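As structure tokens, the structure follows; a few thoughts come after it.
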Amino acid sequence: MIDELVRFRDGLLEGRPSDRTLAEAAQASPTTIGNWLRRGALPQEIDPLLRLVRAVRGRAKNAGLTSRPAVAALLDEQQWRRAYRAEARRRADGIRGAVEAGQGRAVLERMRPGRPLSEVTDPFHLEVHRAIASTVTGLPALPAYVKREHDQKLAKVVAQAAAGESRIAVLVGASSTGKTRACWEALHQLRVLAEPSRLWHPIDPTRPDAVLADLTALAPRTVVWLNEAQEYLAHDQLGEKVAAGLRTLLDDPSRAPVLVLTTLWPKHWNTLTSRSDPDRHAQARELLGGHEIRVPDAFTGADLAALTTGTAGHDPRLGEAAAHARDGQITQYLAGGLVLLDRYQSAPPTTRALIHAAMDARRLGAGPHIPWAWLAQAAPGYLTDTEQDTASDDWLERALGYLTTPWNGIPGILTPVKTTTARNQRPTAPDGSPTRHRTSQQGPLYRLADYLEQHGLTTRKSWCPPASFWQAAYTHLSRPDDLDNLTDAAEKRHRLEWAHHLRLRAADHGSTDALRFLALRREEAGDPEGAEALAREAADHGSTEALHLLALRREEAGDPEGAEALAREAADHGDILALSSLALRREKAGEQEGAEALARQAADHGDAFARHWGLFTRLWPNGLNPDGKPTPPWQK
């Protein structure tokens, strides 16, 4: 791949970025860059090489080349990770001698996903909730643990993994009920084994991207830690790939045992395991189904009694929770959920307006990382005229302090997210015909405390956000998933104008759903060229459905040549079903010659669907010769 990258830079990019620029980007010397590019030297670490690739991709983007499939594939970081690992494996096999073999083995060891479990000592890095503070000094970071029925079920799954079988456990429960803490406690079963385990918590650059980048390199005896699994599995474009990859991993005896630990709210469990039309989560449903372990909302009976007896009775935090928690909500109290609820309810109107905007963002499908600029622009619409008139000039700064300040040992209502991206423009929503922009989010991002997110799901379910919310979303959002979800939310609430604006913005940022919708709309409006352009853009972003649908519509409209061209284009992008669908239509219409021509192309693409439907058998009962001609009867 290095040779291809060099040819691309020296050709289409006219030698830019220079070696010196690449050296600065990779944080390496120009000599080192030269060794990589012209001698094929293997870097000791992959990160500098990825920084170099990103620098080339930035130049290619400025030149308008990244929309080309071949360029996108060349500059895909996952492809580079795979190529780097393959080269290390080749060298580890000793093909070029002992020195390079040793170097390859060292690289492979460093690239094994995860860390030794013995080094995983901080539960908060794995997103276990911090506990309320206590006046007693010297207490451990986490309160004493009281095992309940779900812990016993989880222990059985972990024991099976310890015995050599690959397993998955899905802990399903509401916010702050102890799901992640239960997973943390279950790791103790693996820490005492003679053969060490590793733990992999994939989160960077995004959670699904991180899984897909390294899943194939996972070694046996690895714990895959997927807290809040919806962030890995619900992504429209990548979620099903993640689920399929995990299913393959769990079914692969050569990589057993692995243990996948996941947590989900009931709402997300229902979304990922229910059938829908279209069926967006088929792989996730197969991955998760049958592995649910329910975590109750409250302590009851013997669980409550255990809080004040034995080892647990020596932890004052448990005693405080037992005395003050409502309706047995012990873990919610310990995790600070009830403290946060009190902080929310006691907040000034201007601060509550920001919280309501964040709640609405999450319940309508945006986030979890929410731009502060979005909340700040949206908040005034949640205030009455009197509240706006009486707000101080510095209300926004005061509110930010209130929302982000830790309280009683737990994080604030909003938690800052460290990674941000620069933005080059700030669009405003249109009055009439919108102007299309391409931007990326800017400024600080925040995450709403999940206990309050869950609270907003129930208390605000009948509220439709004000105009300032939609205006701010249009102005400050750029993630296709966020924009798609808000488009859907606006349509469901019959806010059709904002749904239209948000869909256009989503299309600008590569949303295949938006591009497909707009392509079909253009087709209906009598603009086939515009429809095809949008459909091709969707295909370039990984979705061929628009091309497929346009092909069927052209067939219905009496344009068989146009239909066939679009079906072939869809097939070239990986949608071989487009050809067989069109062939079936022509067969049904009695157009045998046209059906055969399309079916032959489908056969050449290896279309298993057409075989399943019996299309090939009806057309060529004895099969096809390698030259594509029908095979005459032959002795079986």
Side-chain angles (χ1 to χ4, degrees), residues 113-114 126-127 147-175 177-190 197 199-202 207-208 211-212 215-216 218-236 238-298 331 454:
L126 296 180
E127 299 162 347
K147 289 188 176 181
R148 294 182 280 165
E149 184 180 352
H150 63 272
D151 294 290
Q152 298 172 18
K153 295 177 180 178
L154 178 58
K156 291 180 181 179
V157 177
V158 177
Q160 291 169 340
E165 302 176 49
S166 291
R167 288 290 183 267
I168 178 173
V170 187
L171 275 70
V172 180
S175 169
T177 51
K179 302 182 297 297
T180 315
R181 176 71 188 274
C183 292
W184 172 259
E185 295 297 325
L187 295 177
H188 294 315
Q189 291 176 248
L190 303 177
S197 298
L199 185 141
W200 182 43
H201 182 207
R207 297 188 185 225
V211 171
L212 294 173
L215 188 60
T216 57
L218 218 62
R221 299 202 175 276
T222 298
V223 178
V224 182
W225 187 274
L226 305 180
N227 191 44
E228 299 198 33
Q230 75 279 359
E231 295 190 16
Y232 297 90
L233 302 176
H235 189 286
D236 274 356
L238 301 181
E240 285 291 84
K241 293 181 180 179
V242 170
L246 290 169
R247 291 181 64 198
T248 301
L249 170 69
L250 291 166
D251 290 339
D252 186 351
S254 69
R255 290 194 282 169
V258 294
L259 174 62
V260 181
L261 295 178
T262 72
T263 67
L264 280 169
W265 288 4
K267 165 193 172 183
H268 299 308
W269 166 266
N270 292 337
T271 298
L272 292 171
T273 58
S274 300
R275 295 183 182 275
S276 59
D277 185 18
D279 196 356
R280 296 181 180 275
H281 304 298
Q283 293 283 0
R285 185 171 59 253
E286 292 297 323
L287 172 71
L288 303 173
H291 303 290
E292 172 192 16
I293 298 176
R294 285 281 171 171
V295 179
D297 290 350
T331 55
Q454 179 182 267

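These figures come from a predicted structure and were not determined experimentally. In what follows, every heavy atom counts, from backbone to side chain, and hydrogens, waters and symmetry copies are set aside.
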- Item | Any donor-acceptor pair under 3.5 Å from T177 side chain to D297 backbone | no
- Spell out, as yes or no, whether a donor-acceptor pair under 3.5 Å connects the side chain of Q160 to the backbone of E165. no
Donor-acceptor pairs under 3.5 angstrom involving side-chain atoms of residues 149-158: please list them, not counting sequence neighbours.
| from | atom 1 | to | atom 2 | distance (Å) |
| --- | --- | --- | --- | --- |
| D151 | OD1 | Y145 | OH | 2.5 |
| D151 | OD2 | Y145 | OH | 3.2 |
| D151 | OD2 | R148 | N | 2.7 |

- Step by step, work out the side-chain contact (heavy atoms from CB on, under 4.5 Å) result for L190 and L199. CA-CA 10 Å; L190 303 177; L199 185 141; over 6 Å; no
- Message: Nearest 0.5 angstrom please: E127 CD to R181 CZ, how far?
- Response: 16.0 Å
- For A182 and L171 the tightest heavy-atom approach is CB-CD2, 3.7 Å
- Item | Closest non-hydrogen atom pair between Q283 and R247, with its separation | OE1-NH1, 2.7 Å
- Verify side-chain contact (heavy atoms from CB on, under 4.5 Å) between L287 and L233, making sure each step is shown before the conclusion. CA-CA 10 Å; L287 172 71; L233 302 176; 4.2 Å; yes
- Item | Least distance between heavy atoms, T222 atom then W200 atom | CG2-CB, 4.0 Å
- Item | Non-hydrogen atoms of W225 and W184 that approach each other most closely | CH2-N, 3.5 Å
- Message: Under the rule for side chain to side chain donor-acceptor pair (under 3.5 Å), what residues qualify as partners of S254, not counting sequence neighbours?
- Response: D252
- The side chain to side chain donor-acceptor pair (under 3.5 Å) partners of S197 (sequence neighbours excluded) come to none
- Are H201 and R207 close enough, and set up right, to give a side-chain contact (heavy atoms from CB on, under 4.5 Å), and what steps lead you there? CA-CA 9 Å; H201 182 207; R207 297 188 185 225; 4.1 Å; yes
Can you give each donor-acceptor pair under 3.5 Å made by side-chain atoms of residues 264-273, sequence neighbours left out, with the distance rounded to 0.1 Å?
| from | atom 1 | to | atom 2 | distance (Å) |
| --- | --- | --- | --- | --- |
| N270 | ND2 | P266 | O | 3.3 |
| T271 | OG1 | K267 | O | 3.1 |
| T273 | OG1 | W269 | O | 2.6 |

- Would you check, one step at a time, whether the test side-chain contact (heavy atoms from CB on, under 4.5 Å) holds for L126 with N227? CA-CA 8 Å; L126 296 180; N227 191 44; over 6 Å; no
- For A256 and G164, the nearest pair of non-hydrogen atoms, with its separation, is CB-O, 4.0 Å
- Please report the shortest heavy-atom distance between A161 and R221, naming the atom on each side. O-NH1, 4.2 Å
- Listed partners of Q454 passing side chain to side chain donor-acceptor pair (under 3.5 Å), at least two apart: none
- Message: Distance check, rounded to the nearest 0.5 Å: S276 atom OG versus H281 atom NE2?
- Response: 6.0 Å
- Query: Picking from V242, I168, L246, what satisfies side-chain contact (heavy atoms from CB on, under 4.5 Å) with L226?
  - Reply: L246
- Contact list for residues 240-264, test ring pair (Phe, Tyr, Trp, His ring centres under 6.0 Å), sequence neighbours left out: none
- Note on the structure: The reported gap from CD in Q230 to OG1 in T262 (rounded to nearest 0.5 angstrom) is 10.0 Å
